[in-house]
Structures are given as C-alpha cells and as structure tokens.
Amino acid sequence: MSLASLLDRLRGRPIEHDLSAYREVLARVCALEPALEPLDDAGLTARARALRARVADGTDVAAQLPEAFALAREVARRALGQRPFDEQVLAGVALAQGKIAEMATGEGKTLAAVAPVFLQALAGRGAHVLTFNDYLARRDAAWMGPVYERLGLSVGFVQERMSAPERQRAYAADVTYLTAKEAGFDHLRDALALEPADRAQREYHFALVDEADSILIDEARIPLVIAGETGEAIAGPERLAALVRDLVPGCDFDTDEHAHNIALTEAGTVRIEAALGRGGLHALENVSLHAQLRHALHAEHLLRRDVDYIVRGGRVELVDESTGRVADKRHWPDGLHAAVEAKEGLRLTSEGRILGQVTLQHFLRLYPRLAGMTATAHTAAEELEAFYGLRTVVIPTHRPMIRADEPDVVFTHPSAKRAALVAEIARVHAAGRPVLVGTASVGESEELAAALVAAGVAGQVLNARNDEREAAIVAGAGAPGAVTISTNMAGRGTDIRLGGADESHREEVAALGGLYVIGTNRHASLRIDQQLRGRAGRQGDPGSSRFFVSLEDPLIRRYGVEELVSARHLPARQDAPVESRLLRAEIARAQRIVEDEGFQLRTTLYGYSDIVEKQRRAIQRWRSATLERREPQPFLAERSGGRYQELLPIVGQATLDAVERRLTLLAIDRCWSDHLAELREMREDSVLLAFAGRFPLAEFHHQAGESFQALEDRIEDEVVRDFERIEITPDGVDWEREGLRGPSATWTYLVGENPFGASGLMSPAGRTGMVAAAVGVPWLVLLQGLGVFWARRKKPGRFTRSNRPSS
Ligand code: ADP
Ligand code: MG
C-alpha cells in the first residue's frame, strides 16, 4: 500500500487507489483487440451496430463493456491516429462505472471519455458530455466526432446562442456535448413548455462531467434562473446610491473586519431618515425601503469595482470569487444588482420575474447515471461522495510526472511580494523560458502586467471572458519567452504544449526547464492551486511551479496572522522573503480551514435549496402529468359545477379537456413563480430569526412547507376563476385575447451569491451579532408582520395526498 492510499484510508476518504479490478477489465479489452485489427472500417462499424442491436434486445450493457472498449480503442487509433493508452482505458472503465476519474492535466481525458460514452449511448437514450465552456463543447464534439461516427453514433453539441430547433436536434443525437449550464437552462425552459413537442430534451440517461470538481463543487450551488418580462420599472436605487455615497465610514456606518457586513450607526440612521423624510427606517411600512437601503450600502461600500465586479459595455459583470474571472451571465439577486448599477450610474436592468430556478447540483442529480473526470478530485473526494454518491478513482499518469513544485516564497507585505515577482519573472523571461502567472483578481492581473511593462517585460493579460481567444493565448503560453498573466483557471481544458502550440521550439524550451508556473496567491481551495500548477509538467514534460504569498494576502487576512502564529514567530516587516517552515505550514493550515468553511457553507446552503428542490419536483410531476395528459384527477368538473355542465354539450369533452389542461399549466407556472418570490423573502428573513435564538434553516423549512401546502389550492382556485371568466366556443379559446399565454420572452441567468444572505445563514450562534447590526431591524416587529403573512390553514392537499415531497 502506498503512503498516499494509507493516508486516505486513515482519513476515511472515499478514494480508490487499488486498480486491480480495473486492470482485469483492461486485460480483457486488450485480449479482444487483435481480432479487430484485420477488419476494415466498414467491418468495425458493422460490429458496433451489432453491439447496439444486442443492447436493444435487452442484453446487459455492462456485459458489453470489453467489446465496446476494444472497438472504441481500435476506431480511435484509426480515426485520430491516437491509440488510447492503458491509463485512458482504466479511466474509461471507472467512468463507465459511475466514478470520478482523477487524471492529471494533459493526460487525454477528452479521448478517455469516448469509450464509456459509447457504451452508455448504446442504450439509445442519449449521453451528455458536460464540458467546462461552450468553446470546449464545440471543440470536443468536432474532435471526437469522427470516432463516434465510425462507431455508428450521431454527435451533436449545444451553444449558448442556438435556436430551439437546433437544440432539439443536438439533444436528439446519441451523444451531445454541452455545458452543464446550458443543459440546466434547457431543463428550465422545457419545464415551461405548453406542448410536449416544444421540449428540447429527452429524459436524462447519462452525463459525464468534465472538470468535475469545478462543476460539481465550486459552481454547484449557483442557482440557474429563467425569468420573464414584468414591465415593472425599477425606481429608487439611484436616489439611494447618491445618499449613501456621502456617508462617512466610522461615523455614519461600520463594517466588520472581514468587510462582509455593514451597518448604519445611530448617527447614520438619523442622517438617512432626515434625507428620506419617510419616517423611521425600522417602521414596518419601510421594510422594503430598508432592504433597498441595505443593498445600496453594500453596493457602495463593500463591493469593489475591478475586484468583485467590472463595468463593461454599460453593464455590471460579476467576477467569480473562486476563479477570479468574469462570470458569464451572472446577476446578484434581489435588488443588489440594481443597486450596483445605480452606484456606477448605469441604466438599470430589470431582473424580470423569476419563473423557475434550480441549482446546478440539483439539476445534475436528475441524471440517473453520472460520472466525472478532473485533474483535481482528490481533496474533494468526501464532498463528491456526500453530495453525489460518487467515488473517486486516482488514475496513474502515463509517463512519470517530473514537475518540480517549489515551496512557497513568503513575504511580510504585498509590495515586497510584487517587487520579487517582477524581478523573478523578468529574470526567467530574459533566459527565454515561458512563464504562466496565475493571479487572484482582474485588478491584480492588470497591476502586475503594468509593473512588468515598466520593467521592460511585455506579457499577455487574460481576464476578460472570450473562451476561444483565451484558449489560443493559453495554448501559446509554452512558446519561448512567452509571459502569460491570467486570473486563475483561465483556459481550463486547453492544452499547453512546450515550445508553442505547434511544438516547434520544444527542445529549446525543455532544455530551459519547461513551463514555469507562478501563483501570486494561495487560493481559497487547494484544488485551484493544484489546477494552476498542473498547467506545467504535462505528459512527463519538464516544468516547475511556485507560489508567492504575503502575510497580508486576503486568504491570510481572513484569519488574522496573529491567530495562526504567535507574535514571537511573526517576522518584522522586511523586503526579503521570510524563511520559515512554520509560516508555510500555517499558511497551508489557513487554507484547509477556509476550505472546510466552504464545505460547511455549502452544506448549509444545500439545506435551503434542497427543500425548494423537493417542492419543485413535486410541482413538476403534476405539471408533466398534465402536459402529457396523464393527470389522473382533473378537478374542474367537480370544482366549477354549473358552467362546466352547461358547456359540455355545446363544446364537447375534448375542448373542455384541452382548456382545463392549458389553464392548469398556466396557473401552475404563475403560482410557482409567486411561490419562488415568497421563498426568497422567507430565506432572507429567516436570517433574522437567528436573533430570537432559533435556527434559521429549521424556521425556513417550516414556513416553506406551510406555504407549499397552500399552493395546490391556490392553483386550482385560479384555474376555476379563469374558467369562469373566459369565452369558450367549440373552436376553443382565443388565448391571446384572454391574456392567457406563456411569457412572450424569457431569458436565463445565474444568480451570484448574495453576500448578505450567505453570511447570516450559518448558525444562530456564529455570526449573528454582526448580522443583527447589519440588518438593524427590530426583529420582533418584523416577525409579527411576517407571522400574520405566513399563517395559513393546514389541510391535506395534492402533495399530502399522493406525491408530497418527503422532507
Ligand atoms: P486533458 O483534458 O486530460 O487535460 P486533453 O484531452 O486535452 O487532456 O489531451 C491532451 C493532449 O494529449 C492532446 O493534445 C491529445 O491529442 C493528446 N493525447 C491524448 N490521448 C492521446 C493518446 N492516446 N496518444 C497520443 N496523444 C494523446
Ligand atoms: Mg480536458
């Protein structure tokens, strides 16, 4: 047993190091290959089709694994000129069995995925490969397409801008490459379809997630949202933005040491109340004004331009905390986004009315078969098992890894670190060795680039989002003398070849030591550091990596150095690096603590989103049954009485059924949207309950459950009400004229974390003090108001009767 596997076992990590079972399967694959080599291409395709026919006849898919893998290997060898290495076959076996395969960067995960995807697609129910971005979906579908085609499978891919018919075609293919986000957005769109034929996706069968840790963990809790127009203008944020701009820190307001929360002081409250002239901020009628004010304060004094967000093309674009990159299509929730737009003097965009939402995590769990691959699964293995039931298998590299991971260089303060970084990059660059620098924020990457230019080194800066151009720049990062400065994880999925994309100067660069990766910060997760290091040393290439840190970096400040090391060991401010193993060990410890906090927070947030998801699924079951005319108990005849019986002989049963069906679908969608809005308020307000010594999550569950019970009645009431008022003829209903149609326009986006929300959700004890100050509402008053609002009669309903989600 290796040391690594012993340690994992001691820690109870769900990681498989013992590959003997996989090697047995590999041997069977190898044994089948010689018989395939003499076949011509048509012969191979015929064998693949025969395999598919056997599966259609009910032969167990798993039993076909060795032959499917042998075929895929032989076809790949011919179609791409690349015979999958044994390690790629081992990874494929793990993937076929629904595991997470950890495979180092550059080992060829794209190709390793083909055999398991082929095997799962044999069932004829579709297989999805979920890529890191749109560019990779297109690239990988085109790259692996010839292999699938010779195996008798059709291949499609989805892109953000595709039309509905194009998407339908892509999903109809045997294998579909797309991002998890697009798959999730299509799921939400399908959930609003008024006819079965309008849906794009088929029932889910198998998904293989590339860059699995990023999608399954880092992005997992982000809600995907579909919204429709409301026509409501947003007013007010501009005025509030102007008001809070003049407030003086320390006098009018205070922030906590982590700059996560902000609260008005007594003086500030008086000042604002006087300016607004709307009475006491804490008065019940000012609840929503007060919420807007909180957002304005937060936007003005806590969110930082070029760190938390950038302004581009007249829009606010969020910067993702974990990647330091602009997050595509992401909004802050609940008015915070408008507050930031007001702060920047931009035109306010409407958030729209949220029609549906699902977290990426819940969406991915809809696939009955899930597998994943990434270079960094190891340290996340427990989380992958806990949330998805996925076990991690560590696949050895094809050639030994010879990258040198140097110990961190530690500085006492940032300017010393910056000077050392510039000197080091200039020195290495002068020798012609390529350098890839990973920074933590957009602002930092630009400052560093400017400092380098001042030192006579011109580098490529990567921080805007343009996957394709970015991939091209990153691919060239291994060219002689290249200096590439990126926010971290830029170009995930791109292959950095030594000596440039065409490897024309490979020997020269290899002789200099290969690619040199420098990290300018340790990140909140060790996985992200490892991803960065992994850009060097691909497929046995030479390379090295090193992190430069300062004791004033955000990760360490979050703790306070004093908490980590006693004052006795704390070095005095100095320009030279600090030589201290103790400090390095403590920095690593700080990272582990932050990582663990992240895990805790995700678990808590999961508690909130899980109940919403259970409700969503119950509603969706009802809706699909209605859409597909499977609804067992139409209720209109019973509830409406007179009008129904009158109309029956005139318009006929079929018309009435169609009307009931459409009214029900529309009512479900409207009421669900209202329910979502209510849940959002409850979630924000449940934080306040913490001060009453109650556990916010439990309270949220309780209230969300009550509100949900009332939902069925509300939906049925609306159907009856609409039915009574509309004109119904034997031709049916003029839905346009009656104003009963689905949303005429919808759009999709991701909800960024609400910094307010997240900070208060943890536990009643932990951070409540600060949240209390931040919210500043006398909670008793507010709770009474909410209590009345939420009090709902309890009676058994549709969800109690048949398909109430278990909680
Ligand atoms: P990963 O996703 O694991 O980082 P990629 O799938 O991008 O790696 O592949 C990295 C490189 O390895 C590509 O240039 C690919 O052509 C090459 N490669 C993959 N498998 C093989 C193979 N069996 N033989 C030769 N080259 C391969
Ligand atoms: Mg890849």
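One-based numbering, in listed order, for ligands and for the atoms of each. Positions are given from 1, in the same order as the sequence printed here.
When the salt bridge (Lys or Arg N to Asp or Glu O under 4.0 Å) test is applied to Glu102, no partner is found at least two apart in sequence or on another chain. The side chain to side chain contact (heavy atoms under 4.5 Å, CB included) search around Ser445 returns Thr439, Val461, Asn463, Ile485, Thr487, not counting sequence neighbours. Remark: Gln591 pairs with Arg522, Asp529 by the side chain to side chain donor-acceptor pair (under 3.5 Å) rule, at least two apart or across chains.
Taking the six-membered ring where the residue is Trp, Phe363 and His187 present tilted rings, their angle falling between 30° and 60°.
The 4.0 Å heavy-atom shell around ligand 1 contains residues Gln82, Arg83, Pro84, Phe85, Gln88, Ala104, Thr105, Gly106, Glu107, Gly108, Lys109, Thr110, Leu111, Trp143, Asp495, Arg497, Arg538, Gln539, ordered by chain and number.
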Before giving the answer on side-chain contact (heavy atoms from CB on, under 4.5 Å), spell out for Tyr148 and Val117 the whole-Å C-alpha distance, their side-chain angles and the decisive distance to 0.1 Å.
CA-CA 9 Å; Tyr148 291 116; Val117 168; 3.6 Å; yes
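Taking the ring axis of Phe206 as reference, the NZ or CZ atom of Arg369 does not stay both within 45° of it and closer than 6.0 Å to the ring centre.
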